[in-house]
Protein chains: 2
Amino acid sequence: MRPKNLAKEEAIRTVALQIITEEGLENLSMQRLAKAANVSPRTIYIKYENKEDFLIKLFIEEVLGAYEQAVLENFSPELGFAEGVKKIWLNTFQYLTQNRPSFALLQYGKSSPLLNQAYQKAGIRQGQFFAPIHRFLESHTAAGLIRNFPPDVHRALLFSPLLDLISEYFDYQSRPTQLITEDLVLACCEAVTKGMLT
Amino acid sequence: MRPKNLAKEEAIRTVALQIITEEGLENLSMQRLAKAANVSPRTIYIKYENKEDFLIKLFIEEVLGAYEQAVLENFSPELGFAEGVKKIWLNTFQYLTQNRPSFALLQYGKSSPLLNQAYQKAGIRQGQFFAPIHRFLESHTAAGLIRNFPPDVHRALLFSPLLDLISEYFDYQSRPTQLITEDLVLACCEAVTKGMLT
DNA sequence: TTTATTAGTAAATAAACGTTTACTTATTTA
DNA sequence: TAAATAAGTAAACGTTTATTTACTAATAAA
């Protein structure tokens, strides 16, 4: 049996992320992807059932896993609230600003019905993903340190401003000076943290 | 000269918003839109140059204008900080939860390169849009009441959690009970407000 | 070394895409 | 009432889409 050429599989995935980042998800076609990855269209269909299957697997296996790992690096649910939130913010900011394709796909996950399905499947809102953060928030809530909100609401308050700042980071990347610096992000982190306290 | 049939123009726009809301921007094709609006494809091209022109005008003229008006209703830059933020939050929450197509298009504006252009064109980040809110934030910053951040950053802290909560509102709409109530939103508003104070 | 089996290719498929062509209809104005 | 003109239609345009067909290439097991 002829063995799989793993380099081709990888080329398909990385070229796909490149096209999505530079020209948007709507400009990624299977034929174009195949040509850019120096591969026959049929080769993509060896591993993936169809385009939808490909995108969902690209999202879950290539993006979400690495993202979660980066965000949780050196984080522990036992950390103090301010310290834990700061760690999460710094990890997220540093990882996503250095991995634009991941950020682009995460943003698409919020609007595209197709990728939104993948989100649900990955259990982001159910807390299977980022479980340590879930526990972290629950324990500090139980201790009465932070306001008693449902987990989804905690997540909205904690993460959405940060993702918005990262979006602005990329907007300003094409201009003479960068508005969104790490110091500024840490100041925002402090503001968000303070607001959540009881 | 044969007069324009305004009902057809309106049908095109409302049917487009319907399709985008229910099946996503990526499933809106000109031929499909024409058929669903009971119109010949050519009719769309009487008013709009091409698909891009149509979407941008739909976004700016149909969505952004009404959205800004709703958000700013009974708002004044002279209001106290907590009071002003609360008014904005309530206006936004009430309007967008009742106008899902507007919310859907606003979300697409963040990921789709095409609509993102429209955002920039409308000057959302430059403060031409929502100018009263811009003045509101500037004066309270100058007075030393809230932290001294750039306007884009203020906007990220203030609005992004709210939009995330509205997104969750729609997620929960298909389930037995609604998680995101007006009371909960107001409690979050209080948290965000508190965090922004110096 | 042959056979079986999967990887991979080039080219083709039907369907859908955005847009246009060729034409008809409805209305105003002269 | 007739001429002028823009609105609107049905059908088609060439292109691109996702996917498949028919085939070749490469390797492991026999």
Side-chain angles (χ1 to χ4, degrees), chain A residues 1-20 22-59 61-62 105 108 111-118, chain B residues 1-20 22-62 105 108 112-118:
Chain A
M1 174 176 91
R2 180 176 176 177
K4 231 177 260 208
N5 186 342
L6 293 175
K8 292 198 175 178
E9 277 192 10
E10 207 195 315
I12 291 169
R13 289 195 300 266
T14 61
V15 167
L17 289 174
Q18 234 169 69
I19 294 177
I20 292 171
E22 287 162 16
E23 306 188 45
L25 185 56
E26 52 269 57
N27 289 307
L28 180 79
S29 81
M30 299 304 261
Q31 289 182 129
R32 210 187 140 184
L33 171 58
K35 185 166 275 185
N38 263 310
V39 139
S40 160
R42 185 70 184 80
T43 304
I44 305 175
Y45 289 89
I46 292 171
K47 181 144 197 228
Y48 306 100
E49 240 180 81
N50 50 40
K51 188 180 185 180
E52 183 170 334
D53 183 49
F54 169 66
L55 287 176
I56 287 180
K57 284 184 175 150
L58 183 74
F59 184 52
E61 291 166 16
E62 201 78 359
L105 262 187
Y108 272 110
S111 53
S112 147
L114 200 157
L115 287 184
N116 202 25
Q117 251 184 289
Chain B
M1 173 175 93
R2 180 175 176 178
K4 232 177 258 208
N5 187 340
L6 293 174
K8 291 196 176 180
E9 276 192 12
E10 206 196 315
I12 291 169
R13 290 194 299 267
T14 62
V15 167
L17 288 174
Q18 232 170 69
I19 294 177
I20 293 171
E22 286 161 16
E23 307 188 46
L25 185 57
E26 53 268 56
N27 289 307
L28 180 81
S29 81
M30 299 304 261
Q31 288 183 123
R32 212 189 138 181
L33 171 57
K35 185 166 275 184
N38 264 311
V39 138
S40 160
R42 184 72 182 79
T43 305
I44 305 175
Y45 289 89
I46 292 171
K47 180 143 198 229
Y48 307 99
E49 238 181 82
N50 48 39
K51 188 179 185 181
E52 185 171 331
D53 182 50
F54 170 66
L55 286 176
I56 288 180
K57 283 184 175 149
L58 184 74
F59 185 51
I60 293 184
E61 290 166 18
E62 200 78 359
L105 261 187
Y108 271 110
S112 149
L114 199 157
L115 287 185
N116 203 25
Q117 253 184 287

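These numbers come from the heavy atoms of this one structure, side chains and all, not from hydrogens, waters or symmetry mates. Letters A, B, ... mirror the listed sequences (proteins, then strands); counts begin at 1.
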Fill in the blank from the handout: Minimal heavy-atom distance between A/Ser40 and A/Ala34, with the atoms involved, is C-CB, 4.0 Å
Problem - Touch class at under 4.0 angstrom, heavy-atom based, for B/Leu6 against every strand present - result: nothing
Exercise for the section: Taking only the side-chain nitrogens and oxygens of A/Lys35, find out if one of them lies under 4.0 Å from OP1 or OP2 of C/dA10. Expected result: no
Practice task
Rounded to the nearest angstrom, tell me the gap between atom CD1 in B/Ile46 and atom P in C/dT25.
Solution key: 16 Å
Fill in the blank from the handout: Whole-Å distance, A/Lys51 NZ to D/dT16 P, equals 15 Å
Completion exercise
Using Watson-Crick geometry (N1-N3 plus N6-O4 or O6-N4) or G-U wobble (N1-O2, O6-N3), each under 3.5 Å, C/dA30 is paired with D/dT1
Problem - Closest-nucleotide 5' rank along DNA chain D - winner of A/Ser40 and A/Arg32 - result: A/Arg32
Completion exercise
Between NZ of A/Lys8 and C1' of C/dA7 the distance, given in whole Å, is 8 Å
Exercise for the section: Working to the nearest 0.5 Å, report the span between CG of B/Asp53 and NZ of B/Lys47. Expected result: 10.0 Å
Problem - Nucleotide D/dT19, atom P - distance to CG of A/Leu55 in whole Å - result: 10 Å
Exercise for the section: Say whether, by atom type as modelled, one donor and one acceptor occur between the side chain of B/Tyr108 and the main chain of B/Leu115 under 3.5 angstrom. Expected result: no
Handout entry: 5′-ward residue of the pair B/Pro3/B/Met30 relative to DNA chain C
Key = B/Met30
Practice task
Could you check how far CD1 of B/Ile12 sits from C1' of D/dA7, rounded to whole Å?
Solution key: 12 Å
Problem - Spacing of A/Arg42 atom CZ relative to C/dA7 atom P, expressed in whole Å - result: 10 Å
Practice task
Quick one: pull up CZ in B/Phe54 and CG in B/Leu28 and give me the separation to the nearest 0.5 Å.
Solution key: 6.5 Å
Practice task
For A/Gln31 and D/dT19, give me the distance from atom CD to atom C1', rounded to whole Å.
Solution key: 9 Å
Exercise for the section: Respond yes when some side-chain nitrogen or oxygen of A/Ser29 is under 4.0 Å from OP1 or OP2 of D/dA18, and no when none is. Expected result: yes
Problem - d(NZ, A/Lys47; P, C/dT6) in whole Å - result: 17 Å
Practice task
Please check if atom CD in B/Glu23 has more than 12 non-hydrogen atoms from other residues, nucleotides or ligands closer than 6.0 Å.
Solution key: yes
